[in-house]
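Working notes, beginning with the structure itself.
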Amino acid sequence: MYLLNFKIALRNLLRNKMASLINISGLAIGLAACLMLLLYVSYEWNFDRGFKKSGDTYQLMFNFYGADHHIRSTGNQSPNTIAAVLKEEMPEVENISRILWASKRLLANGKNSFKVNGRYADPELLKIFDFKVLHGNLAKALDAPNSIVLTAGTARKLFGSTDVLNRGLKFENQVEVKVTAVIEDLPPNTSYDFDCLNSWKLYEQLNTWVIEPNWHNYSYFTLFTLKKGTDVGLFNEKIKNLSRKHAPSSFSEAEPFAYPLVKLHLYDRFLNGKVDGGQIDRVRTFGILALSILVIACINFMNLSTARSQKRAKEVGIKKTIGASRSSLVSQFLMESLLLTLVSVVIAVVLVELSLPKFNQLVSAELHIAYGDPLNWIGVFLLILFTGIVAGSYPAFYLSGFNPVQTLKKTVGLKSSFSLNFRQVLVVVQFGFAVLLIIATLIMYDQLAYLRKKPLGYQVNALVEMPHEGNLYLKYDLLKERLLASGAITSMCQSSGSISQQNSNSTGMEWEGMSEGDKKMSVNQIYTGYDFVKTNGLKLSEGRDFKKGLGSDSVAVMLSQTAVKMMGLKKPVGQTVVFQDVKRQVVGVFEDITWGDPAKREKPMIIAYNPNNSDVITMRLNTDNDLKDNVEMIGQITKEINPDFPVDVRFLDQLVAEKIKDEATMVTLSNLFGGLAIFISCLGLFGLSAFSAEQRTKEIGVRKVLGASVQGIVGLLSFNFVKTVLVALLISMPVAYLLMNSWLNKFDYHISIGWMVFVQTGILIVVIALLTVSWQAYRAAKGNPVDALKYE
Amino acid sequence: MIELKNIEKYYANKGVKSYILRHVSTSIKQGEFVSIMGPSGAGKSTLLNILGMLEEPTYGAYEFMGEDVVSLNERKRIELYRNHIGFVFQAYHLIDEMTVAENIEAPLLYKKVSSAERKSRVADVLDRFNMVAKKDLFPNQLSGGQQQLVGIARALVAQPSIILADEPTGNLQSPQALQIMELFKKLNEEENITIIQVTHSEVNAAYGSRILHLLDGVIKEDLSLQQVI
């Protein structure tokens, strides 16, 4: 019986080519989206779960309190002192380690040198994460200061082999280190990933200020495992006052707490000390989009099968009279939809393989289909089952419920009025979703354009930066001189961090006329030497930049307008502020620059003179020359002065564009899914209009005989469908408005939604729908009425 | 085998009852060959549908093989279809997606007959109807008469005790119609299968043993033809 059902399903597929094509292409796209979603979700979900103790691993986080005793912000970095204290005072802590953020480190095996992602960590890190060792012994791998742990990929790059235990490497062109272990490459979904791992002791040797215990410098990550069976809630209660106890302070109040490692990646945004989403939002959005596409494709299947119900009804009637039970009919119809889904899945897998590289780029993940993984097969199987049943259930139960007499007497009219309504409802759902996505895309696009155009407060064009490292520290002045002389640049400055991205802030600034709570004000900070204003193109509203030859400027600062306003300074220039325990004089006030998230209101900002704290060199290219030649010239001169380091010149406008990458990704995604939704919906509409034209052949014939014009008939046939689309527009526009309004409200700076968006969308959708249906209507209307009428 | 008592069927429309059958009472015994005749709209097909349990009467009692079947549940009704009743339709109603052999096999599948027996019974029927050569063709590749033969073969293959035929030759030319009627007669006489057909044609009715004349939903005449032959 199943074999026969299968054969019949196959014959049905082949016989109704257009319906099959519409169904399969729609389902294949929907399923491809879903498969992609499955891959993406499993990738994101498995973030940091690959370690044996993942479930017991925590990161120490801090809630910072503002002047009003409310949680002002939540940070994931800790002071360098707290790890030792926790280990000593809390018996629940099993292993604990400090770990530094990943930065590019120069590793050299003789002439063979590369910059790789490196971190410093305490030896116990290797007990928290059970990395898979290829060579060496992890237990002691980080004990000696000059030890280094390499991943297999890094080892191969440097040595051409992984069996490189005890081989020497030059680290950062400063010290000789010895390979103490080689581990397998880390999976891409690891938060604390690295290419090489160095001992914390080496970090302290190379940077003496790190040794100093400092409870107020929140710069390091602290990871630890809790003993099995520890109640995290109680533990957090115990450690709550740790910072207050060990470092009471008037300008900073922080409460530490343990946060599960496995939640770190997906839930990393905090608001008022509570989790407020994070990457999970994107996973969710993508999930909703993918499932919706699949549902739209399933709706096509339902609609087309019920549209053909008159023909299928006869079959049901016959089968019932020869003894078919309802359940056997249901199973037959489900078999048909499952078969269709199966075919679609095969195509979907091909589609996924084709689009994965692009998609990986888009969401910056490394997804791939693991054909060997039984879990994936189970996932795909469940997806087929789900889709097949969702798509097939309505036709299955609807058709199998037909009464044989009615169907055989050709009077299915009783139910068809209802089915037409239901079909229209489904079309409304499809187009409603498409409209929603189009409006969302348009609004997101506008918002993105708005953020892009929003003035940054500095001139980003022809601005480049490179790391300040190696010989460049000692020979900074020489570099500047030579670069300026070469004509490649017109100006150059050094700074503690890139101007493209917020990277440092502090509290505890003091000034005349402040209140006690003002000490807790968080201030963005940049340290720099000379020419910062000129190079970056900042606008000064008052005062001047730091001037060479003025001895007093070695303790000078500039303030942003927001800072001046928040500090309540009447005459800022000439005022004295205490910043980082040093009395400094304000020499200038600059217009706010967009340093952090372009959509968020800027914090007050201070630019302080201190050329000794410098990580970045910023240069303004000479626009009279070709920019490429300029960059080449910079590379040449820098390499001469600092031969051991590769030159890494980056354009600021690209770095700034990176900041709205998430929003740009959302626009691309909703654009893509919106397009797909419309495409699949129109496929369905096309199929439906074809069937409707077929069903009404006789009516059309009669009307033509009675003198109706072709336009009249096209209008008649199309109007019904356009009506449904109009209903969809009417329903989904307010929904879109509300949704997008709440999306926009997440931005401090945002556009307001104009009515044009809705008009554009409405016209677009109606035109597309009209084009889709009128083709079929036109064909039906052009037919000779005799052909239509002679078959009765 | 069939007992009808006071069968009534009407549709109520805006309070007005339009009767299709009124006070129909009759009994049909195993082995009879009954033709239901009458003008269009007399209620012939409705009566046949009620006999086939495809429609329920509004009033009245209907016993099939000693069992009250007026409000039989779907499962029991399907059991009867599988084991006792074969339908033949004017429009043949073959399943377009199935070949001749598959169409004939279908009732056996629903009856859960074993594969080997299915094969032999289908082969047997095909042989008897001289359709072995056409077994892999689809219905739309056959002539009307051939399609109706397949329809009858399908009704017969489950070895029913009764065949209900609604104008079985209505769409056929007369030579083919005669062939079908001969077949009915043979089945009736040789295998003692009860046959009830609806027909317009006196000629067809003459093949049977009894004629029920319907007019406006009432049995006007109940003729036994035994004497005539």
Side-chain angles (χ1 to χ4, degrees), chain A residues 1-17 19-20 305 308-333 335-336 339-340 395 397 399-414 791-792, chain B residues 9 45-46 48-50 52-56 73-99 101-115 118 138-140 150-151 153-158 160 163-166:
Chain A
M1 169 115 89
Y2 291 107
L3 186 73
L4 186 68
N5 275 350
F6 178 76
K7 263 201 302 203
I8 293 176
L10 206 63
R11 284 177 196 152
N12 257 330
L13 269 188
L14 293 175
R15 191 159 297 188
N16 304 296
K17 288 201 181 60
S20 304
S305 2
R308 276 190 299 152
S309 64
Q310 260 181 350
K311 186 167 172 312
R312 300 307 300 267
K314 191 189 119 193
E315 186 188 327
V316 169
I318 301 167
K319 286 191 169 164
K320 281 197 166 175
T321 59
I322 60 174
S325 60
R326 188 163 180 188
S327 59
S328 75
L329 291 170
V330 169
S331 80
Q332 184 207 327
F333 286 117
M335 165 91 86
E336 266 174 43
L339 179 75
L340 203 81
F397 289 101
L399 291 173
S400 69
F402 280 149
N403 180 335
V405 177
Q406 287 173 348
T407 62
L408 297 178
K409 284 206 299 197
K410 289 191 190 166
T411 52
V412 210
L414 274 170
Y791 290 110
E792 270 299 311
Chain B
K9 178 82 179 176
S45 293
T46 307
L48 193 77
N49 284 338
I50 288 175
M53 290 162 255
L54 296 171
E55 277 180 65
E56 276 181 27
N73 68 27
E74 173 146 343
R75 176 174 308 202
K76 286 212 173 124
R77 203 172 66 222
I78 286 171
E79 275 307 308
L80 286 180
Y81 290 163
R82 285 180 185 167
N83 298 315
H84 298 292
I85 303 176
F87 286 93
V88 175
F89 303 96
Q90 177 179 10
Y92 330 130
H93 287 331
L94 300 177
I95 296 171
D96 295 340
E97 285 77 22
M98 291 186 185
T99 62
E102 284 164 358
N103 261 297
I104 297 175
E105 191 186 5
L108 299 178
L109 279 167
Y110 293 121
K111 212 177 158 182
K112 307 221 162 52
V113 175
S114 75
S115 162
R118 274 197 327 256
F138 286 95
N140 58 11
V150 176
R154 184 180 63 186
L156 275 180
V157 76
I163 286 182
L164 299 173
D166 192 354

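Note on naming: letters A, B, ... go to the chains in the order of the sequence lines (proteins, then strands), and numbering restarts at 1 for each one.
Here the closest heavy-atom approach between residue Arg154(B) and residue Ile322(A) is recorded as NE-CG2, 3.8 Å.
Between His93(B) and Thr321(A), every side-chain heavy-atom pair lies at or beyond the 4.5 Å cut-off. Between Tyr81(B) and Lys320(A) there is no side-chain heavy-atom pair separated by less than 4.5 Å.
The line from CD of Glu315(A) to CG of Asp96(B) is 8.0 Å long, rounded to the nearest 0.5 Å. Expressed to the nearest 0.5 Å, how far CD of Glu97(B) lies from CG of Leu13(A) amounts to 11.0 Å. Rounding to the nearest 0.5 Å places CD1 of Ile318(A) at 13.0 Å from OH of Tyr92(B).
Looking at residues two or more places apart in sequence or on another chain, you find a salt bridge (charged side-chain N to carboxylate O under 4.0 Å, His left out) between Lys7(A) and Glu102(B). Judged as a salt bridge (charged side-chain N to carboxylate O under 4.0 Å, His left out), and not counting sequence neighbours, the contacts of Arg82(B) are Glu79(B).
With chain A as the partner, the residue from Leu94(B), Asn83(B), Ile95(B) showing the most heavy-atom pairs under 4.5 Å is Ile95(B).
For Arg75(B), no part sits under 4.5 Å from any heavy atom of chain A, backbone or side chain.
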